[in-house]
Amino acid sequence: MSPTRPHASQAAAVAGPRQVLLFSGHRVDAPGRAVPRFPPDKERAAARRIAEVLDRLGAGPADLALTQGAAGGDLLFAEACLDRGVPLQLMLPLPEEAFIAQSILSGADGASWRDRFLALRARLHGSPRIADDELGPPPAGADLWARGNAWLLEAALAHGAQRLRFLTLWDGSGGDGSGGTQHMVDEVRHRHGQVYWIDTRSL
């Protein structure tokens with residue numbers, strides 16, 4: 001008796017995602033930010049540009065999306081991926097409660113973004129992955145944001161560098177500290193990954 005051949009969807013699962021859609025981008029500006037970077041009134045334009053890139057890439061159920069889930073670009077990307085049936089994995093650099101406090105509630109209209117995060121979380125097939133749970137407690141003095149970026153990028157590259165498609169919502173400048181969007185852009189470029197840059201200055 002000949003062995004049973006796997007169904008096409010099962011074979012695809014074994015082979016891995018067609019492409020890995022990795023995202024890192026600016027959070028929505030906090031109230032009173034001195035130099036605007038991603039003002040709240042640019043949200044719709046940013047969402048439209050993210051959607052355009054995903055559509056050009058043909059994003060769909062055969063792919064995998066990875067991001068952290070901060071208020072702003074991350075959540076816009078995550079929502080757009082789920083709308084297209086892309087399996088999504090959130091990877092948080094901090095425990096969830098601390099992440100919500102620092103990366104969601106601290107921006108403009110933080111309570112609304114928190115509600116969007118929780119609504120999106122409820123649509124996921126699995127819980128967000130937490131850096132401390134998988135990497136262990138960080139060393140004293142470690143940059144948790146740079147650590148989170150490296151973890152996120154390594155998770156994407158584990159499926160093969162040729163599958164990586166990196167989307168970024170970025171103004172082209174350095175961040176407010178280490179471990180920000182520029183850090184991730186530099187790391188992806190160092191690995192010769194494909195970068196799809198949405199410049200917030202052009203929104």
Side-chain angles (χ1 to χ4, degrees), residues 15-29 35-39 42-93 99 103 107 120 128-129 131 143-203:
R18 181 178 65 95
Q19 55 187 351
V20 179
L21 305 166
L22 174 65
F23 183 91
S24 178
H26 289 317
R27 292 189 297 135
V28 67
D29 289 348
V35 179
R37 187 173 61 181
F38 179 21
K42 300 297 185 181
E43 177 193 335
R44 288 188 180 181
R48 182 171 61 252
R49 295 279 295 278
I50 290 169
E52 289 171 355
V53 175
L54 290 175
D55 289 341
R56 286 206 310 272
L57 292 170
D63 303 323
L64 173 65
L66 301 173
T67 193
Q68 292 185 356
D74 288 6
L75 282 179
L76 295 176
F77 167 80
E79 290 169 345
C81 285
L82 289 187
D83 288 346
R84 287 159 177 75
V86 181
L88 171 70
Q89 178 67 67
L90 296 182
M91 300 181 62
L92 310 186
F99 179 79
S103 296
L120 181 134
R129 294 167 63 183
D143 184 326
L144 302 183
W145 305 105
R147 179 184 191 236
N149 278 352
W151 177 51
L152 188 61
L153 179 56
E154 290 301 324
L157 290 171
H159 297 281
Q162 75 281 2
R163 294 177 175 173
L164 176 61
R165 311 288 184 268
F166 175 58
L167 287 71
T168 182
L169 182 71
W170 180 45
D171 68 352
S173 66
D176 296 334
S178 57
T181 301
Q182 184 182 29
H183 173 256
M184 182 67 97
V185 172
D186 290 344
E187 289 298 311
V188 172
R189 286 175 170 167
H190 179 70
R191 304 295 188 97
H192 306 290
Q194 295 187 46
V195 178
Y196 298 83
W197 178 13
I198 301 168
D199 192 336
T200 58
R201 295 169 298 184
S202 69
L203 296 177

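Numbers for residues simply follow the sequence, beginning at 1.
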On a heavy-atom basis, the closest approach of G72 and F38 is CA-CE2, 3.8 Å
In short, G172 meets R201 closest at the heavy-atom pair CA-NH2, 4.4 Å
Value for CG (L21) from CZ (R163), rounded to nearest 0.5 Å, stands at 12.5 Å
- So L54 and V86, side chain to side chain contact (heavy atoms under 4.5 Å, CB included) or not? Walk me through it. CA-CA 10 Å; L54 290 175; V86 181; over 6 Å; no
Residues passing the side chain to side chain contact (heavy atoms under 4.5 Å, CB included) test with S103, sequence neighbours excluded, are R27, A70, F99, W145
So side chain to side chain donor-acceptor pair (under 3.5 Å) across residues 44-64, not counting sequence neighbours, yields R18-D63, Q19-D63, R49-S202, D55-R84
Shortest non-hydrogen pair, L76 vs A46, comes out as CD1-CB, 4.0 Å
Is there a donor-acceptor pair under 3.5 Å between the side chain of H159 and the backbone N or O of G16? no
TODO: Applying side chain to side chain contact (heavy atoms under 4.5 Å, CB included), run through K42 and T200 and close with a yes or a no.
DONE: CA-CA 8 Å; K42 300 297 185 181; T200 58; over 6 Å; no
Any donor-acceptor N/O pair, D29 side chain to R37 backbone, under 3.5 Å: yes
Contacts of R189 meeting salt bridge (Lys or Arg N to Asp or Glu O under 4.0 Å) (sequence neighbours excluded), chain-then-number -> none
For E187, the salt bridge (Lys or Arg N to Asp or Glu O under 4.0 Å) test, sequence neighbours excluded, returns none
Applying side chain to side chain contact (heavy atoms under 4.5 Å, CB included) to A156 and not counting sequence neighbours gives V20, L22, L66, L164
Taking S24's backbone N and O only, do any of them form a donor-acceptor pair with T168's side chain (distance below 3.5 Å, no angle check)? yes
* Evaluate the criterion side chain to side chain contact (heavy atoms under 4.5 Å, CB included) for residue pair V28 and E43; output intermediate values, then yes/no. => CA-CA 8 Å; V28 67; E43 177 193 335; over 6 Å; no
| Once the angle between the rings of W170 and W197 is folded into 0 to 90°, is it parallel (under 30°), tilted (30 to 60°) or perpendicular (over 60°)? | tilted
Result for side chain to side chain contact (heavy atoms under 4.5 Å, CB included) between L169 and one of I198, D199, D74 points to I198
**Asked** Judged by atom type as modelled, is there a donor-acceptor pair below 3.5 Å linking the side chain of T67 to the main-chain atoms of F23?
**Response** yes
The complete set of salt bridge (Lys or Arg N to Asp or Glu O under 4.0 Å) pairs with one or both residues in residues 146-158, sequence neighbours excluded, reads D132-R147, E154-R191
